[in-house]
Amino acid sequence: MRTFLRGVTPALLAGVLIATALVLFQAPAAVRVLAFAVLALAAGLSASRIVRGRRGLTDDDADLGYSLPGVIVLVLMLAVVLALTVLGIAIDTPGIAWGTGASAVALVVVAHVVAGPPAWPTRPRRALGPVLAVVVLGAAVAGAAAMRPAQVERYTQLSVDETPPSVDGGERVTLGWTLLGYGSPLPAAEPPVEVVIGGRRLPEVDAETGGVTATSAQGAVDQRRGSVAFTAPDGAGIYDVHVKVGSADWSEIVVRLVVNQ
């Protein structure tokens, strides 16, 4: 037992568990990169020991022993992603950390049983394969992230200045509105304005549209203000008034209008 506790296997297991925890608990980015490198190296070296078994390296297969851990690292990362997909687990940083960490723990334990207790590497060249694989993997991830286009949400938000009080049937109603642009400037052209009451688009509305101006609204790029006037229905009741400014579906707001007898 004491021999096992002093060996390389518990050190590898401790390193894998600590590296997994660092990734899951959102350590700084540089630390997470090193943690993933530890996971990949521990898994790759252990898997290569399982493949070689207890016979170790001979002069004929020395080059294979140097490169095999690196190949296994790349295959392991692909296998983790495929397993997450099959199990319906999100392919994100926590998911990959769980998958890689669990695989590394299993490979370290199996390698200890199949190939015997590992020894600390005595030849720097043996670490070249897995280290190179981690570098290639990191470069591939960085390149993919750099080529991915930045996603910017572009949308508009419409609001009315105030809800109109109750009006009489046939009375003229005026609503002031403000259109905010997010993610990109509002179009310079004046947007169409329409009013729908009771599922019927009103053919006659008086719309006044101002120009695009700066705004103090948090996160918004600019704004456009205006107003729309229309005639209230003749019948008494409560009506949903749909006001739409522009062609986008989300540039619409519903106002409750109370019409008296």
Discussion item. Taking transitive links into account, so neighbours of neighbours count too, which hydrophobic residues share a cluster with Val196 at under 4.5 Å side-chain distance?
Written reply: none
Response to the item:
Nearest heavy-atom approach of Ala207 to Val193 is CB-CB, 3.9 Å
Discussion item. Checking Arg172 now: which residues fulfil salt bridge (charged side-chain N to carboxylate O under 4.0 Å, His left out) with it, not counting sequence neighbours?
Written reply: Asp206
Worksheet item: Within a reach of under 6.0 Å around CD of Glu171, are more than 12 heavy atoms found that belong to other residues, nucleotides or ligands?
Response: yes
Item to complete: Check salt bridge (charged side-chain N to carboxylate O under 4.0 Å, His left out) between Asp240 and all other residues, then give those that pass, not counting sequence neighbours.
Response: Arg256
Fill in: Verdict with reasoning, Arg224 to Glu190, per side-chain contact (heavy atoms from CB on, under 4.5 Å)
CA-CA 9 Å; Arg224 184 192 294 273; Glu190 292 187 1; 4.2 Å; yes
Worksheet item: Does Asp234 have any side chain to side chain donor-acceptor pair (under 3.5 Å) partners at least two apart in sequence or in another chain, and if so, which?
Response: none
Worksheet item: Which residues satisfy the side chain to side chain donor-acceptor pair (under 3.5 Å) test with Arg225, sequence neighbours excluded?
Response: Asp161, Thr178
Fill in: Shortest non-hydrogen contact between Leu17 and Val105, atoms and distance
CD2-CG2, 4.2 Å
Discussion item. Looking at every non-hydrogen atom in both residues, tell me the closest pair between Thr215 and Ala220 and how far apart they are.
Written reply: CG2-CB, 3.8 Å
Worksheet item: Which pair of non-hydrogen atoms, one from Phe230 and one from Val205, has the smallest distance, and what is that distance?
Response: CB-CG1, 4.0 Å
Discussion item. Could you check whether any side-chain heavy atom of Pro191 comes within less than 4.5 Å of a side-chain heavy atom of Thr209, counting everything from C-beta outward?
Written reply: yes
Practice prompt. Kindly indicate whether the side chain of Val16, heavy atoms from C-beta on, has any atom under 4.5 Å from the side chain of Ile18.
Written response: no
Fill in: Nearest atoms (heavy-atom pairs only) where Val221 meets Ser184
CG2-N, 3.8 Å
Discussion item. Let me confirm one number: the CG-OG distance from Leu179 to Ser251, rounded to the nearest 0.5 Å.
Written reply: 5.0 Å
Worksheet item: Within a strict 4.5 Å, meaning less than it, do heavy atoms of the Leu158 and Trp177 side chains meet?
Response: yes
Worksheet item: Looking at Lys244 and Glu194, does any basic side-chain N land under 4.0 Å from a carboxylate oxygen?
Response: no
Discussion item. For the NE2 atom of His242 and the CD1 atom of Ile253, what is their distance to the nearest 0.5 Å?
Written reply: 11.0 Å
Fill in: Non-neighbouring partners of Val259 that pass side chain to side chain contact (heavy atoms under 4.5 Å, CB included), sequence neighbours left out
Val167, Ala232, Pro233, Tyr239, Leu257
Practice prompt. Could you tell me which non-hydrogen atom of Asn260 sits nearest to which non-hydrogen atom of Ser166, and how far apart they are?
Written response: ND2-OG, 3.6 Å
Practice prompt. Could you walk me through whether Leu180 and Thr156 pass the side-chain contact (heavy atoms from CB on, under 4.5 Å) test, one step at a time?
Written response: CA-CA 5 Å; Leu180 296 173; Thr156 57; over 6 Å; no
Fill in: Full working for side-chain contact (heavy atoms from CB on, under 4.5 Å) between Leu13 and Val109
CA-CA 8 Å; Leu13 291 175; Val109 173; 4.2 Å; yes
Discussion item. Would Asp222 and Thr213 count as a side-chain contact (heavy atoms from CB on, under 4.5 Å) here? Give the steps.
Written reply: CA-CA 6 Å; Asp222 51 21; Thr213 60; over 6 Å; no
